[in-house]
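In what follows, every chain begins at residue 1, and chains take the letters A, B, ... in the order their sequences are listed.
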Amino acid sequence: MKLGYPCINRSIGCTANSTFRLKSYSKERLLSTVQNNLDCLQKILEWNVEHGFLFFRIGSPLVPFASHPICKIDWVKHFKEQLKSVGDFIKKNKMRISMHPDQFVLINAKDKRIVENSKKELEYHCKLLEAMGLDSTAKVMIHVGGVYGDKEESIGRFIRSYRKLPAFVKKRFVIENDERCYDLKDCLMLSKKMNVPVVFDKFHHECKNNGESVKHGLMLAKKTWKRKDGLIMVHYSDQKKSARKGSHSEHIDLRQFRNFIGQTKGIDFDLMLEIKDKEKSALKAIGILKKLKYFKS
DNA sequence: AGTTGTCAAGCTAGT
DNA sequence: ACTAGCTTGACAACT
C-alpha cells in the first residue's frame, strides 16, 4: 500500500496550485506561475518522501489555463527539463501519482462545446504526466458525469465520447463512483464495456450502493485494474457530521479509519485520503498504519 | 495587514 | 427558487 493526500500541503508554506485571473493573463505571468508551482511541487514531493507518503494527487491548476484558447505557449517544451526532473524524482522514489480534473469535465454533456472543452482538459492532464515521463500507472480520474434526465442516453454518450479520445488519454483514463449519479455498479458495467479501471471511493460507495459491503465493492473494483494500470486506487473520506450528505469530513475519524483498515485487511491498494485538513490527517493515519506494520516506522 | 467578494468552465440533490 | 458541494482554494480589490 502507498498512502497519500490530494493536491495541497499546508505545512510547507507554498502551493503548487497558484493561479491568477484570466483578465491578468500574460505569457510572463503564466511562466512565472508555472515555475513557482513546479518548484513547490518538488518541495511537497520531498516532504512526502520524508514522511512516508508515496501517493500524491497533483492539482489541476499546475499549469493555469493550459486548456484555454488564450494559452498559446508550448509549456511542455518550455518546462521540459524541469518536468522531467520532477518525474525522475517520482520514479526514483517509486511514488504513485494521480490527477483529478474538476467538475467541469463532462464528456457525456449534451452540449458539444462542453465535451470539446472536457477533451482538451483531459489532454492537458495527460500531457503533463507524459512530460514527466510517468508510465500508465499514473492515472487521471473523472466521474461519469451528468444524467440529464435520461441515464441510458447519458451512458451511451459517455461511451461514444470515450471512444473518440486519443490513445494517450485513454491509457490514463479511470472512472470513479460518485455519491449521487453513477455508483459502483454503473462504473463496473462501464468498465466492462470500455475496458477502463474503476477507482473505488469508499465514502461515495457508502452514500450510494447496491448493497455491496465496502470490502466486496473494493474487491470488485480491484479486478478492473490490469498490470499496466498498477495497483487499484482507493479514495477514503467520512461524512462530515451534521452537514448535508456527501460533504467530506474536516478531520479524520480515527475510529472509523481503523474500522476501514480492519474491513479491508488482506487486500492491497493505494489509498488517497480525501480529508479537508490534508496532510494533518494523513500523518495521523500513517501513524496507525505503522503500528499495524503496514509501513516501516 | 487584514478582510471580503470573485473567479473559465456544470451538474445534482437538499434546503 | 436557491445554493452547497464537488479537490474549493487563491487572487485581487477593497478597508
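When the P atom is compared between B/dT3 and C/dC6, the two are found 25 Å apart, to the nearest whole Å. For the P atoms, the distance linking C/dA4 with B/dT6 amounts to 14 Å, nearest Å. For the C1' atoms, the distance linking C/dT7 with C/dA12 amounts to 22 Å, nearest Å. With both ends at atom C1', the span from C/dT8 to B/dA1 equals 24 Å, rounded to whole Å.
Checked for salt-bridge contact, A/Arg96 and A/Asp270 meet the test: a charged N lies under 4.0 Å from a carboxylate O.
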| remark: Taking Watson-Crick and G-U wobble contacts under 3.5 angstrom, with | marking pairs to another strand and [ ] crossing pairs, the secondary structure of DNA chain C is written ||||||..|||||||
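Within 6.0 Å of the NZ atom in A/Lys84, the count of heavy atoms belonging to other residues, nucleotides or ligands does not exceed 12. No more than 12 heavy atoms of other residues, nucleotides or ligands lie within 6.0 Å of NZ in A/Lys185, so this atom counts as exposed by the packing criterion. Within a 6.0 Å radius of NZ in A/Lys278, more than 12 heavy atoms belonging to other residues, nucleotides or ligands are found.
Position along DNA chain C of the nearest nucleotide to A/Pro61 versus A/Thr19 favours A/Pro61 as the more 5'-ward residue.
In this structure, A/His204 reaches the sugar-phosphate backbone alone: every heavy-atom distance under 4.0 Å involves primed, P, OP1 or OP2 atoms, never a base. Among the atoms of the strands shown, only primed sugar atoms or phosphate atoms (P, OP1, OP2) are found under 4.0 Å from some heavy atom of A/Arg10. Across all strands, A/Ile70 comes closer than 4.0 Å to no nucleic acid atom at all (heavy-atom distances). Heavy atoms of A/Ser18 sit under 4.0 angstrom from primed sugar atoms or phosphate atoms, though from no base atom.
Side-chain atoms of A/Asp186 come within 3.5 Å of backbone N or O of A/Asp183 as a donor-acceptor pair.
Aromatic ring pairs are classed by plane angle as parallel below 30°, tilted from 30° to 60° and perpendicular above 60°; the pair A/Tyr236 and A/Phe260 is tilted. A/Tyr25 and A/Phe65 have perpendicular rings, their planes meeting at more than 60° on a 0 to 90° scale where under 30° would count as parallel. In this structure, A/Phe173 and A/Tyr162 have tilted ring planes: the angle between them lies in the 30° to 60° band.
Taking the centre and axis of the six-membered ring of A/Tyr182, the NZ or CZ atom of A/Lys151 falls inside the cone set by 45° and 6.0 Å.
A 4.0 Å heavy-atom criterion places the boundary nucleotides of DNA chain C facing chain A at C/dA4 to C/dA12, written 5' to 3'.
With no hydrogens or angles considered, no side-chain donor-acceptor pair links A/His100 and A/Ser60 at under 3.5 Å.
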| request: May I have the step-by-step check of ring-ring contact (aromatic ring centres under 6.0 Å, His included) for A/Phe200 and A/His235, ending in yes or no? | output: CA-CA 6 Å; A/Phe200 180 70; A/His235 291 175; 9.8 Å; no
| Could you write nucleotides 8-15 of chain B as a row of B, S and -, 5' to 3', where a protein heavy atom under 4.0 Å of any base atom gives B, of only sugar-phosphate atoms gives S, and otherwise -? | BBBSBBB-
